[in-house]
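Below, each value reflects all heavy atoms present in this structure, side chains not excepted, and no hydrogens, waters or symmetry copies. Treat the numbers as computed from the prediction; the structure is a model and nothing was measured.
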Amino acid sequence: MTTELMWFRRDLRTHDLPALVAAADADRLACVFVLDPHLLDHERVSPARKRYLRQALVDLDNRLGDLGGQLLVVLGDPRHVVPAVAKDLEADTVHVTADHTPFAVARDEAVERALADDGRTLERHQGVSIAPPGSVRTGSDSVYKVFTPFHRTWTQRDHGEPLAPPAALPKAPDGVGRIDTVAPTEAAQLDVEGPDEAWPDGGEGPTRDRLDDWLDGPVDDYDDRRDVLGVPGTSRLSPDLHMGCLSAREAWTRLDRRNPGQDTYATELAWRDFYLHVMAEWPDTARGAFREEYRDLPWHDDDDAFEAWAEGQTGFPIVDAAMRQLSAMGWMHNRARMIVASFLCKDLLVDWRRGEAHFMANLVDGDTCSNNGGWQWAAGTGTDAQQFIRIFNPTTQGKRFDPDGVYVRRWVPELADLPNNRIHEPWTLSEEDQEALGVVIGEDYPAPIVDHSEARQRAMDWWSQAT
């Protein structure tokens, strides 16, 4: 009689989960999630993400219950907890969905060694990405470094069909009752208040409802609305994909790529895969520039400028709106992410890794690979060919992607009464108009901390000297 263990991580679902389908062939099965204190550190994980995780675990526990199983939530370091639980339950095999960040790879290798010392095995399955890392290759059999040819090859692949959940799960082994567990509904480590603008509920159930709603019309307009900051033009499924409450493969297979909006959204799923493939092949990019020649750039260490950026007090309305949205929701519109990243790296010349870390600590969808890839794209140190010369003008970006000031008025309420033609550059108002509108620059709202034209030239000079 076989006893096996299903170790959940970034795959908090029952649909299209190869690891669970494989584990369900056992005679006895225990399902476990390990709350790693390292990943619950308040400096690494926002309250918004903890809130989402708690809800996702409760939902998963309920879904496993419907299949005849249950979820054990155990507090501790997985390197010690997983081998110990496997030993206590006399489980021969531990099933996991392979993760590919350097942290995850090192953790899994340590667990695998500990299991092997006791005669047990760790069995990895795919499920985080659509195409397994390393499977999309060039004609010379290497991993792609550039997105466009990667996307062309990736699109032509057969990614397979989503798997249905198991019809039922095997009975839990008798020893489950001896395991010290933390019930997901009572996990003190996740018992936190959410942000002011709490993210929608986490879990596979709410996620599948959101996917259905997204595919039932709004996605058709994605090509036209995805960059407009003041409208709900994006799927907002990134936290669900990151936590694995939604299979990226299922989202991909349900798209009709003949529709321009759906095809553009499919490209975003390809970008997610691309950045995961890049980090899996070149793990050093997790801590440094993808391009080796840019790993020792003399970034400025301006703490005051960084703090103004992080708190949404730069004096540039579109930048401040985005950073305040991040603080309030644990999420930020993708166009806004590009704008604020460019501002930090180019206008302020602050090391992109500081921005990356700030995003990871605050985002519900803090995905290591996508976050890293996006920041390196903005900083000019990554795979993108334009490198550093792409410098966004925050005022122009605001006028283009928030033309009526809806986004700025929502997140920077002190500017709510400004007319459309001044809301993205309030410092151009006369003193009389500032008084009349109740927005005195330097008192009610900060003056710009840099002159963008001067900052742009400074950045170009810095780049030419540094490289």
request  = For D99 and A104, indicate whether the former's side chain and the latter's backbone hold a donor-acceptor pair under 3.5 Å.
outcome  = no
ask   = Is the charged tip of R400 near the ring of F392: under 6.0 Å from the six-membered ring centre and within 45° of its axis?
value = no
ask   = Between the side chain of R295 and the main-chain N/O of A289, is any donor-acceptor distance below 3.5 Å?
value = yes
query = With ring centroids as reference points, do W154 and F147 lie under 6.0 angstrom apart?
reply = no
task = Could you tell me whether R354 and D301 make a salt bridge, using a distance below 4.0 angstrom between a side-chain N and a carboxylate O?
result = yes
From CG (L415) to CG (L437), nearest 0.5 Å = 10.0 Å
query = Taking atom CG of D296 as the centre, does the number of heavy atoms from other residues, nucleotides or ligands within less than 6.0 Å exceed 12?
reply = no
query = Is a donor on one side and an acceptor on the other found under 3.5 Å between the side chain of T314 and the backbone of F316?
reply = yes
ask   = In terms of ring plane angle, is the pair Y275 and W271 parallel, tilted or perpendicular, where the classes change at 30° and 60°?
value = tilted
message = Going by side chain to side chain donor-acceptor pair (under 3.5 Å), H151 matches just one of T148, T153, T155. Which one?
response = T155
is_close_aromatic(F343, W309), centroid dist under 6.0 Å = no
query = Do the side chain of W462 and the main chain of P298 share a donor and acceptor less than 3.5 angstrom apart?
reply = yes
query = With distance as the sole test, does T428 use its side chain to make a donor-acceptor pair with the main-chain N or O of E425 at under 3.5 Å?
reply = yes
query = Aromatic rings W331 and H333: how do their planes relate, parallel, tilted or perpendicular, breaks at 30° and 60°?
reply = perpendicular
inquiry  = Ignoring hydrogens, what is the shortest heavy-atom contact between W427 and P317? Give both atom names and the distance.
reply    = CZ3-CD, 4.1 Å
Which atom of V82 lies closest to which atom of V34, heavy atoms considered = CG2-CG2, 3.9 Å
ask   = Is E112 salt-bridged to R124, going by a charged N under 4.0 Å from an acidic O?
value = yes
message = So that I can tick it off, tell me whether R324 and E311 are bridged by a salt bridge, with the cut-off set at under 4.0 angstrom between side-chain N and carboxylate O.
response = no
query = Are any of the side-chain heavy atoms of D77 and V81 separated by less than 4.5 Å?
reply = no
ask   = Hey, is R249 close enough to D11 for a salt bridge, meaning N to O under 4.0 Å?
value = no
query = Is R456 salt-bridged to D461, going by a charged N under 4.0 Å from an acidic O?
reply = no
ask   = Are Y294 and W299 near enough that their ring centres are under 6.0 Å apart?
value = no
query = Side chains of R13 and M243: does their closest heavy-atom pair fall under 4.5 Å?
reply = no
request  = Please determine if D273 and R157 form a salt bridge, counting it only when a charged side-chain N lies under 4.0 Å from a carboxylate O.
outcome  = no
query = Quick check: are there more than 12 heavy atoms from other residues, nucleotides or ligands sitting under 6.0 Å from CD of E431?
reply = no
Donor-acceptor contact below 3.5 Å, side chain N371 vs main chain E356 = yes
task = For residues M323 and M332, determine if any side-chain heavy atom of one lies less than 4.5 Å from a side-chain heavy atom of the other.
result = yes
query = Would you find a donor on one side and an acceptor on the other, under 3.5 Å apart, between the side chain of D384 and the backbone of W377?
reply = no
message = Quick check against the 3.5 Å criterion: does R409 have a side-chain atom that pairs as donor or acceptor with the backbone of A416?
response = yes
message = Please find the pair of heavy atoms, one from Y265 and one from S235, that lie closest to each other, and give the distance.
response = OH-OG, 3.3 Å
query = Is there side-chain contact between T121 and L115, with heavy atoms separated by less than 4.5 Å?
reply = no
ask   = Can you name the one residue among N259, D223, D224 that meets side chain to side chain donor-acceptor pair (under 3.5 Å) with T264?
value = D223
ask   = Is D108 close to L122 at the side-chain level, that is, under 4.5 Å between some pair of heavy atoms?
value = yes
request  = State whether the side chain of H242 and the backbone N or O of R10 hold a donor-acceptor pair below 3.5 Å, judged by distance alone.
outcome  = no
query = Under the 3.5 angstrom rule, does the side chain of D320 hit a backbone N or O of G315 as a donor-acceptor pair?
reply = yes
ask   = Are K346 and F388 in a cation-pi contact, defined as NZ or CZ under 6.0 Å from the six-membered ring centre and within 45° of the axis?
value = yes
inquiry  = I'd like to check Q434 versus V439 (side-chain heavy atoms, cut-off strictly below 4.5 Å). Are they in contact?
reply    = no
inquiry  = Just so I know, are the side chains of Y407 and R335 near enough to count as touching, which here means a heavy-atom distance under 4.5 Å?
reply    = no
task = Taking the six-membered ring for Trp and the single ring otherwise, decide whether the centroids of W7 and H95 are under 6.0 Å apart.
result = no
key: Any side-chain heavy-atom pair of L17 and L163 under 4.5 Å   = no
note = All heavy atoms of A131 vs all of V136, minimum pair found to be CB-CG2, 3.8 Å
query = Of the non-hydrogen atoms in P283 and A280, which two are nearest, and what is the gap between them?
reply = CD-O, 4.0 Å
